Amino acid sequence: MTGIAVLGSTNMDLVAYAAIAPKRGETVTGREFRTIPGGKGANQAVAAARAGGDVSMIGAVGSDEFGVRLRHTLESSGVDTDLLHTAEGPSGTAHIVVDDEGGNSIVVIPGANGTITALAPGEEALIATADTLLLQLELPLSAVLDGARAARRHGVRTVLTPAPAQPLPLELLSATDLLVPNEHEAATLAGVADPHRAAETLLRQVPEVVITLGSAGSLYASRDTAPLTVPAPQVTAVDTTGAGDTFVGALAVALGEGKPIEQALAWASAAAALCVQRPGASTSMPYRPEIDAS
Ligand code: ATP
Ligand code: RIB
């Protein structure tokens, strides 16, 4: 029995901190290098578990040392890893440059994540026991689709983060209950830059959308209610890596507990605002008492 199942990626983030990210053909001297457990799937699992959710992770780490650390980070945050495979070969890695404004650019090398092409035996049974399935796009699309279909068969609420941005099969959108793109992903999927118009367009395919707008907060839209804009707390961001994942993990917990949407969005925004004030992905994700107190 699990409240939140996550089918997604694990990456070791290889992070270079530099004043300004280099342009093509340019070399810059940075300040610091860190290896920090991340990956959109693992981040959402860690964020949800620390926010108080009962969370299980489906995915893979590699057979290298990064894999050991990635698994440990999930487990020490309270995530069940019984269905987290160890695939022979390297773990996924994300090569990240974080600049002095806290912004980032990322190249992801899938590694072990690329071995998850479909649900394995036992994984549909786990999804069937969950209230919510969290999906992102760092596993092969065939596996994401498999997960979404399984969730649909068992009446499990599906929350899709459509990142990294890419065109999506209609079947995946039709099996999604709540879509949570950032502004750029929303523009890519909807073909229109304005978030309100993008939300309107996306509602033709999914019943509910939250577009995250960075320091400007988030925009919620559904087929049944008027759009809702929720501001982000005013904070100084040092590293926004994992902010979207923290937001989604906390939102899933809040909605699972039956919080009304406006309250759930405000709580998720508080969690994400804590995340951006500290460096790294998993390293910056808050535990529940901190979210409640902020
Ligand atoms: P990332 O890829 O960096 O993890 P994202 O691009 O998926 O993030 P954003 O829209 O940038 O998503 O941020 C997600 C949420 O995090 C926002 O809706 C907001 O609640 C919070 N957030 C992001 N940046 C800031 C900031 N500078 N100050 C306060 N909150 C922030
Ligand atoms: O969403 C943030 C994550 O994206 C990072 O942790 C990195 O692994 C990339 O996949």
Side-chain angles (χ1 to χ4, degrees), residues 6 8-15 34-47 59 61 66 69-70 73-74 91-114 134 136-139 159-165 179-188 195 198 209-220 228-251 254 264-286 291 294:
V6 181
S9 60
T10 64
N11 295 326
M12 187 56 76
D13 293 352
L14 311 178
V15 193
R34 291 191 196 185
T35 56
I36 300 175
K40 292 186 193 303
N43 288 345
Q44 294 188 1
V46 165
V61 296
F66 287 164
R69 217 173 128 201
L70 288 165
T73 298
L74 286 157
S91 294
T93 48
H95 303 254
I96 306 181
V97 179
V98 176
D99 64 35
D100 271 359
E101 287 172 13
N104 62 44
S105 47
I106 307 181
V107 175
V108 172
I109 308 291
N113 299 303
L134 301 183
Q136 324 73 32
L137 301 176
E138 283 187 343
L139 294 184
V159 179
L160 172 65
T161 302
L179 186 71
V180 191
N182 70 14
E183 215 170 338
H184 311 291
E185 292 144 10
T188 303
V209 182
V210 177
I211 301 181
T212 63
L213 305 169
S215 59
S218 55
L219 166 68
Y220 170 80
L228 192 65
T229 308
V230 176
Q234 297 289 297
V235 297
T236 303
V238 302
D239 181 355
T240 64
T241 310
D245 299 326
T246 303
F247 182 94
V248 168
L251 183 64
L265 290 166
W267 200 69
S269 306
L274 288 164
C275 162
V276 304
Q277 294 175 75
R278 305 187 278 236
S282 59
T283 41
S284 66
M285 289 169 179
I291 310 173
S294 68

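Whatever order the structure lists them in is the order used to number ligands and atoms, beginning at 1. Numbers here simply count residues along the sequence, with the first being 1. Given the structure is predicted, the values throughout are model-derived calculations rather than measurements. Hydrogens, waters and symmetry mates are skipped; everything else that's a heavy atom, side chains included, is used.
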### Query
For atom 31 (C) of ligand 1, which candidate among Ala243, Pro233, Gly214 provides the closest heavy atom?
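Looking at heavy atoms only, the winner is Gly214.
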### Query
When Thr161 is tested against each of Gln44, Glu138, Gln136 for side-chain hydrogen bond (donor to acceptor under 3.5 Å, both in side chains), which residue passes?
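Checked Gln44, Glu138, Gln136 against Thr161; only one passes side-chain hydrogen bond (donor to acceptor under 3.5 Å, both in side chains): Gln44.
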Those atoms of ligand 1 less than 4.0 Å from some heavy atom in [X]:
| X | answer |
| --- | --- |
| Gly242 | 4 (O) |
| Val235 | 28 (N), 29 (C) |
| Ala237 | 27 (N) |
| Ala232 | 29 (C), 30 (N) |
| Leu213 | 10 (O), 18 (O) |

#### Entry: Check against side chain to side chain contact (heavy atoms under 4.5 Å, CB included), Leu70 and Met12
CA-CA 7 Å; Leu70 288 165; Met12 187 56 76; 4.2 Å; yes
Those atoms of ligand 2 less than 4.0 Å from some heavy atom in [X]:
| X | result |
| --- | --- |
| Ala281 | 6 (O) |
| Asp13 | 5 (C), 6 (O), 7 (C), 8 (O) |
| Val108 | 10 (O) |
| Glu138 | 4 (O), 9 (C), 10 (O) |
| Ala94 | 7 (C), 8 (O) |
| Asn11 | 8 (O), 10 (O) |
| Gly38 | 6 (O), 8 (O) |

Can you measure from [atom1] ([X]) to [atom2] ([Y]) and round to the nearest 0.5 angstrom?
| X | Y | atom1 | atom2 | result |
| --- | --- | --- | --- | --- |
| Leu274 | Ser269 | CG | OG | 11.0 Å |
| Ile96 | Arg34 | CD1 | CZ | 12.5 Å |
| Leu265 | Thr212 | CG | OG1 | 11.0 Å |
| Thr246 | Leu251 | OG1 | CG | 12.0 Å |
| Ile106 | Thr93 | CD1 | OG1 | 11.5 Å |

### Task
For a side-chain contact (heavy atoms from CB on, under 4.5 Å) with Phe66, tell me which candidate from Thr10, Leu14, Asn11 qualifies.
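The passing option is Leu14.
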Is [X] in polar range of ligand 1, meaning some N or O pair under 3.5 Å apart?
| X | value |
| --- | --- |
| Ala272 | no |
| Thr240 | yes |
| Asn182 | yes |
| Thr212 | yes |
| Val276 | no |

Ignoring hydrogens and angles, tell me if any N or O in the side chain of [X] forms a donor-acceptor pair with the backbone of [Y] under 3.5 Å.
| X | Y | answer |
| --- | --- | --- |
| Ser282 | Pro37 | yes |
| Asn182 | His184 | yes |
| Asp245 | Gly242 | no |

### Message
Looking only at side-chain N and O atoms, does Arg69 offer a donor or acceptor that is under 3.5 Å from a partner on Ser91?
### Response
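Distance-only check fails for Ser91 and Arg69.
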### Task
Using distance alone, determine whether Gly39 and ligand 2 share an N or O pair under 3.5 Å.
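Right, the criterion is met.
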Return the closest protein heavy atom for [atom] as residue, atom name and distance.
| atom | value |
| --- | --- |
| atom 18 (O) of ligand 1 | Gly217 O, 2.9 Å |
| atom 4 (O) of ligand 2 | Lys40 NZ, 3.1 Å |
| atom 3 (C) of ligand 2 | Asn43 ND2, 3.6 Å |
| atom 2 (C) of ligand 2 | Asp245 OD2, 3.3 Å |
| atom 7 (O) of ligand 1 | Gly244 CA, 3.6 Å |

### Query
Is there a heavy atom in Gly244 that sits closer than 4.0 Å to ligand 2?
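Contact check Gly244 vs ligand 2: negative.
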### Query
Do any non-hydrogen protein atoms sit less than 4.0 Å from atom 2 (O) of ligand 1?
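False for atom 2 (O) of ligand 1.
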### Summary
Scanning both residues in full, the closest heavy-atom pair of Pro286 with Ala271 reads CG-O, 3.6 Å
### Query
Does the side chain to side chain contact (heavy atoms under 4.5 Å, CB included) test come out yes or no for Thr241 and Asp13, once each step is laid out?
CA-CA 10 Å; Thr241 310; Asp13 293 352; 4.2 Å; yes
### Query
Are any non-hydrogen side-chain atoms of Pro195 and Leu213 less than 4.5 angstrom apart?
yes
